[in-house]
Amino acid sequence: MKSGEKLCLACGLCCDGTLFDNVRLGPGDDATKLKTLGLPVSSSRAAPPIVHFPQPCAALCADRSCRLYADRPLQCRVYECGVFKAAHAGRITFAAALRLVKRARRQADQVRRLLRELGDFEDHRSLSERFRRTQRRLESGRADGAAADTFAELSQAVHRLFLLMHERFYTKADPGPATGKIPG
Ligand code: SF4
Ligand code: SF4
């Protein structure tokens, strides 16, 4: 197995709702076939409509492989995050890239743990969406002291994670977490 494949199989952050909220389909992608294969593809009301499916991706397996590898959409075929690009270009070693991936995964796990402590068990939603929803829920009602402390801890954990994402993972071509998996 190539080093790049090993890195991605240890990571999965661009498929599991950590880096992105959704994947946009392009003109060359067969939305009907992807739906048949189990991806919940839908279209926005914008003109022209944006055809996309949400993350965490329904095709992501427990071992972080892609169940639809041979049929995955174009964005998934061409996407390489900043860490992958740096390792591939020899600017950092694959061992250093793996350390960055493990650090990001630990930080994402901490965010998930804190979300669960605050009553959010919606693992089918992306991390940024879960954070926004939790924030709205706590702001709309009275949070007790313990919940307020946990939310402060969550905000810091989210900030640290997104800082690492922006510093090392997103590339200049990426639009950010809310707008989809866009190739670098
Ligand atoms: S975020 Fe980067 S290293 Fe991780 S799976 Fe995606 S391309 Fe691979
Ligand atoms: S289709 Fe495959 S490569 Fe694309 S987001 Fe889903 S799991 Fe990742």
Side-chain angles (χ1 to χ4, degrees), residues 1-43 50-112 123-130 158 160-184:
M1 191 190 288
K2 289 181 188 165
S3 303
E5 287 173 46
K6 269 193 211 164
L7 181 69
C8 289
L9 285 173
C11 178
L13 293 166
C14 61
C15 303
D16 71 359
T18 301
L19 275 171
F20 300 108
D21 286 354
N22 60 72
V23 178
R24 291 183 188 181
L25 301 190
D29 294 318
D30 186 340
T32 308
K33 183 176 181 189
L34 289 169
K35 260 191 198 180
T36 309
L37 292 171
L39 288 181
V41 177
S42 61
S43 300
I50 296 167
V51 185
H52 60 97
F53 60 88
Q55 288 201 9
C57 181
L60 183 63
C61 302
D63 64 359
R64 301 186 194 114
S65 61
C66 174
R67 179 172 58 78
L68 304 181
Y69 193 77
D71 295 301
R72 68 200 191 287
L74 179 66
Q75 304 287 22
C76 300
R77 291 175 190 274
V78 299
Y79 183 75
E80 292 173 354
C81 72
V83 172
F84 185 100
K85 279 181 192 293
H88 203 247
R91 292 193 297 278
I92 60 173
T93 62
F94 273 99
L98 193 57
R99 282 197 293 277
L100 280 168
V101 157
K102 286 185 174 167
R103 189 168 131 209
R105 289 196 60 83
R106 273 198 306 276
Q107 292 187 356
D109 284 345
Q110 189 193 12
V111 168
R112 287 191 191 91
D123 289 330
H124 62 287
R125 298 185 193 277
S126 69
L127 282 191
S128 58
E129 187 185 356
R130 289 175 69 180
V158 167
R160 276 194 299 275
L161 174 62
F162 286 170
L163 202 61
L164 179 60
M165 303 280 103
H166 280 279
E167 282 177 355
R168 306 308 298 256
F169 284 83
Y170 293 129
T171 65
K172 282 187 185 146
D174 291 337
T179 42
K181 192 171 187 174
I182 301 295

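As a basis for the values below, the full set of heavy atoms in this structure was taken, side chains included, without hydrogen atoms, waters or symmetry mates. Whatever order the structure lists ligands and atoms in, that order sets their numbers, starting from 1.
Checking C15 against atom 6 (Fe) of ligand 2, every N/O/S atom stays at or beyond the 2.8 Å cut-off. Metal site remark for atom 2 (Fe) of ligand 2: C66 contributes an N, O or S atom at a distance under 2.8 Å.
Atom 5 (S) of ligand 1 has its closest protein heavy atom at G12 N, 3.5 Å. Among all non-hydrogen protein atoms, the one lying nearest atom 4 (Fe) of ligand 1 is C11 SG, 2.3 Å. At the shortest separation from atom 8 (Fe) of ligand 1 among protein heavy atoms lies C8 SG, 2.3 Å. The protein non-hydrogen atom at the shortest distance from atom 6 (Fe) of ligand 1 is C14 SG, 2.4 Å. Distance from atom 2 (Fe) of ligand 1 to its nearest protein heavy atom, with residue and atom name: C81 SG, 2.3 Å.
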Item to check | Full working for side-chain contact (heavy atoms from CB on, under 4.5 Å) between L127 and L161 | outcome: CA-CA 10 Å; L127 282 191; L161 174 62; 3.9 Å; yes
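R77 contributes a side-chain N or O that, together with a main-chain N or O of A70, makes up a donor-acceptor pair within less than 3.5 Å.
Counting heavy atoms from C-beta outward, V23 and C76 have side chains that approach closer than 4.5 Å.
Between L19 and ligand 1 there is a heavy-atom distance shorter than 4.0 Å. Ligand 2 lies less than 4.0 angstrom from a heavy atom belonging to L60.
Around atom CZ of R125, more than 12 heavy atoms belonging to other residues, nucleotides or ligands sit under 6.0 Å away. Counting heavy atoms of neighbouring residues, nucleotides and ligands inside a 6.0 Å radius, atom CZ of R64 exceeds 12 of them.
Taking CZ from R106 and CD from Q110, the interatomic distance works out to 10.5 Å, rounded to the nearest 0.5 Å.
Defined by atom type and a distance below 3.5 Å, a donor-acceptor pair is present between the side-chain atoms of T18 and R112.
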